[in-house]
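For ligands, and for the atoms within them, numbers begin at 1 and follow the listed sequence. Atoms considered below: every heavy atom in the structure, side chains included; atoms not considered: hydrogens, waters and symmetry mates.
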Amino acid sequence: MTDQPKSPPAANAMWGGRFAAGPDAIMTAINASISFDKRLYAQDIRGSQAHAAMLAATGILTDSDAKAIREGLLTVLSEIEGGTFVFSEALEDIHMNVEARLKELIGEPAGRLHTGRSRNDQAVTDFRLWVRDQCDDAALALQSLQRAFLAQAEAGADWVMPGFTHLQTAQPVTWGHHMMAYVEMLARDVGRFTDARARMNESPLGAAALAGTSFPIDRDMTAKALDFDRPIANSLDAVSDRDFALEFLSAASICAMHLSRFAEELVIWSSAQFRFVTLSDRFTTGSSIMPQKKNPDAAELLRAKIGRILGATVALFTVMKGLPLAYSKDMQEDKEQVFDAADTLMLCLAGMVGMVRDMTANRAALEKAAGAGFSTATDLADWLVRAAGLPFREAHHATGSLVALAERKGCDLHELSLTELQSAHPAITQEVYSVLGVHNSVASRVSYGGTAPAQVRAQVARWKEVLG
Ligand code: ARG
């Protein structure tokens with residue numbers, strides 16, 4: 001066999017001027033981001049349209065070149081959306097894929113589009129636009145989820161259930177109160193995405209590679225065209241900042257943590273031991289061996305997905321940590337993490353909306369459980385303070401001895417006779433039985449933010465106004 005000398009791959013058309021040969025195949029595999037950043041095509045074309053219009057308005061480009069670019073970019077957009085565009089790994093990323101195709105379509109003017117900009121500001125502009133949309137989508141999805149919890153709260157504002165601390169029965173609460181806790185929690189998530197969006201809404205475009213440009217560009221104009229509030233004030237900061245992605249991931253992580261907490265409650269509540277809720281067939285699966293099973297798979301997976309989202313957050317923090325100014329290629333590792341986290345979060349939010357909307361609370365089981373485990377012991381102690389004037393510590397002690405007595409007898413507090421109750425303290429009268437019921441217990445907790453149905457209804461009304 002004769003060894004044919006391999007001709008080296010040709011140098012890159014976009015930046016290969018000083019290169020005698022093209023990159024090794026492994027280099028291309030390491031370097032290319034097109035497999036994932038093609039997702040930014042719409043943002044890339046929008047950014048280029050804004051840049052080209054500005055170059056024409058400032059006289060840097062002729063109107064005829066700008067027109068050719070504008071029309072060429074629209075063709076590229078329709079090719080990508082129509083599925084006929086051929087993406088090339090050799091062209092590395094979405095930015096060079098679009099520009100190379102533009103060159104094929106319109107020739108020489110395509111080469112003028114990159115005047116006064118660099119891939120460094122271009123890439124981060126595209127990415128900011130994409131993450132900004134995700135903040136909006138996440139906030140909207142969160143509001144749908146809030147509405148689903150709100151509907152549950154309204155339906156069961158006065159249904160009683162056990163409230164837990166340490167997952168041990170603590171005091172009776174209302175179903176509505178429990179649901180509204182999530183409405184509040186999710187409101188903070190909405191706030192985090194909204195805050196992050198406001199902070200990230202500055203334009204990096206025109207920072208060029210890192211130092212700005214000598215061309216008389218108008219960064220206010222491109223910022224405005226892309227719906228940014230203003231251009232970023234420091235070009236080094238503009239190309240090297242990924243705080244916006246980290247803020248998005250942080251907000252997503254906290255949100256996913258919230259979803260995992262309710263998912264865990266659903267897993268517990270839907271078990272045969274609890275039967276607090278029935279999940280719909282749409283969000284559960286059966287077992288191929290145990291015919292009775294209805295497994296809360298969606299809830300379990302939502303409980304687990306926080307792992308991916310938090311993982312993406314840690315990954316990007318690790319990439320960014322210790323990077324000197326300004327741009328480093330490390331930063332190309334930002335996108336896959338954010339894409340996966342955003343997709344996962346949106347899927348989880350949609351899944352949770354479906355589960356919360358569909359779930360049926362088992363009112364009777366909730367009520368039965370609400371009274372178990374001496375859940376009104378605090379009400380008894382409070383009654384001793386109020387009606388008999390005992391110091392709380394003494395009332396606590398007397399109640400404790402009654403709980404022990406009931407436990408020995410295997411009954412509930414309200415099942416003890418008056419004589420038995422009086423053995424703990426002589427001041428106890430028949431009237432005490434009224435506070436031993438779970439409905440009286442929850443109705444009495446009227447302090448602001450408390451579990452009383454009246455409080456819950458007031459919160460539901462307030463949130464209905466907010467969410468419309
Ligand atoms: N694909 C790159 C990224 O996402 C674009 C920027 C490349 N810039 C450069 N100077 N090589 O970060």
Side-chain angles (χ1 to χ4, degrees), residues 11-19 21-24 26-48 50-51 76 80 85 87-103 110-111 113-134 200 203-213 222 226 232 235-246 248-249 312 315-342:
N12 187 293
M14 297 288 171
W15 44 253
R18 62 165 292 174
F19 288 78
D24 188 271
I26 292 174
M27 173 61 198
T28 301
I30 293 172
N31 200 33
S33 55
I34 188 62
S35 65
F36 49 89
D37 70 13
K38 63 170 120 174
R39 210 167 158 167
L40 299 175
Y41 75 89
Q43 288 76 14
D44 194 66
I45 290 171
R46 187 177 170 200
S48 287
H51 185 66
V76 175
I80 296 177
F85 190 95
F87 291 100
S88 149
E89 200 187 40
L91 288 166
E92 289 182 29
D93 56 24
I94 185 64
H95 324 295
M96 297 210 292
N97 269 269
V98 169
E99 195 185 314
R101 178 64 187 142
L102 186 66
K103 178 106 188 286
L113 170 61
H114 214 50
T115 315
R117 98 179 164 181
S118 143
R119 262 192 301 156
N120 295 350
D121 59 338
Q122 185 183 0
V124 74
T125 299
D126 297 359
F127 196 33
R128 262 186 203 248
L129 290 172
W130 194 89
V131 176
R132 187 176 76 180
D133 283 349
Q134 295 302 306
M200 76 179 64
S203 173
L205 194 58
L210 77 167
T213 173
T222 47
L226 298 172
I232 295 176
S235 63
L236 294 167
D237 185 37
V239 293
S240 66
D241 170 48
R242 294 296 182 274
D243 290 1
F244 64 96
L246 290 169
F248 172 76
L249 289 172
L316 186 56
F317 267 104
T318 312
V319 166
M320 293 308 294
K321 179 202 162 292
L323 282 188
L325 297 185
Y327 176 83
S328 298
K329 195 65 177 251
D330 309 49
M331 291 177 187
Q332 182 168 287
E333 288 288 312
D334 56 2
K335 282 172 270 302
E336 280 170 294
Q337 301 298 341
V338 173
F339 289 160
D340 186 67

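Contact annotation: the side chain of Gln43 approaches that of Asp133 to within less than 4.5 Å [non-hydrogen atoms, C-beta and beyond]. Counting heavy atoms from C-beta outward, Tyr41 and Asn97 have side chains that stay 4.5 Å or more apart. Side-chain atoms of Leu210 and Asn120, non-hydrogen and from C-beta on, never get closer than 4.5 Å to each other. Side chains of Ser48 and Gln122 form a contact here, defined as non-hydrogen atoms less than 4.5 Å apart.
A cation-pi arrangement is present between Lys38 and Phe87, with the terminal nitrogen or guanidinium carbon under 6.0 Å from the aromatic centre and inside a 45° cone about the axis.
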Any protein N/O atoms within less than 3.5 Å of an N/O atom in ligand 1? List the atom names and distances, or say none.
residue	atom	partner	partner atom	Å
ligand 1	1 (N)	Ser33	OG	3.4
ligand 1	1 (N)	Asp93	OD2	2.9
ligand 1	1 (N)	Gln332	OE1	2.8
ligand 1	4 (O)	Lys335	NZ	2.8
ligand 1	8 (N)	Asn120	OD1	2.9
ligand 1	10 (N)	Asn120	OD1	3.1
ligand 1	12 (O)	Tyr327	OH	2.4

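Here the side chain of Arg132 pairs no donor or acceptor atom with the backbone of Met200 at under 3.5 angstrom.
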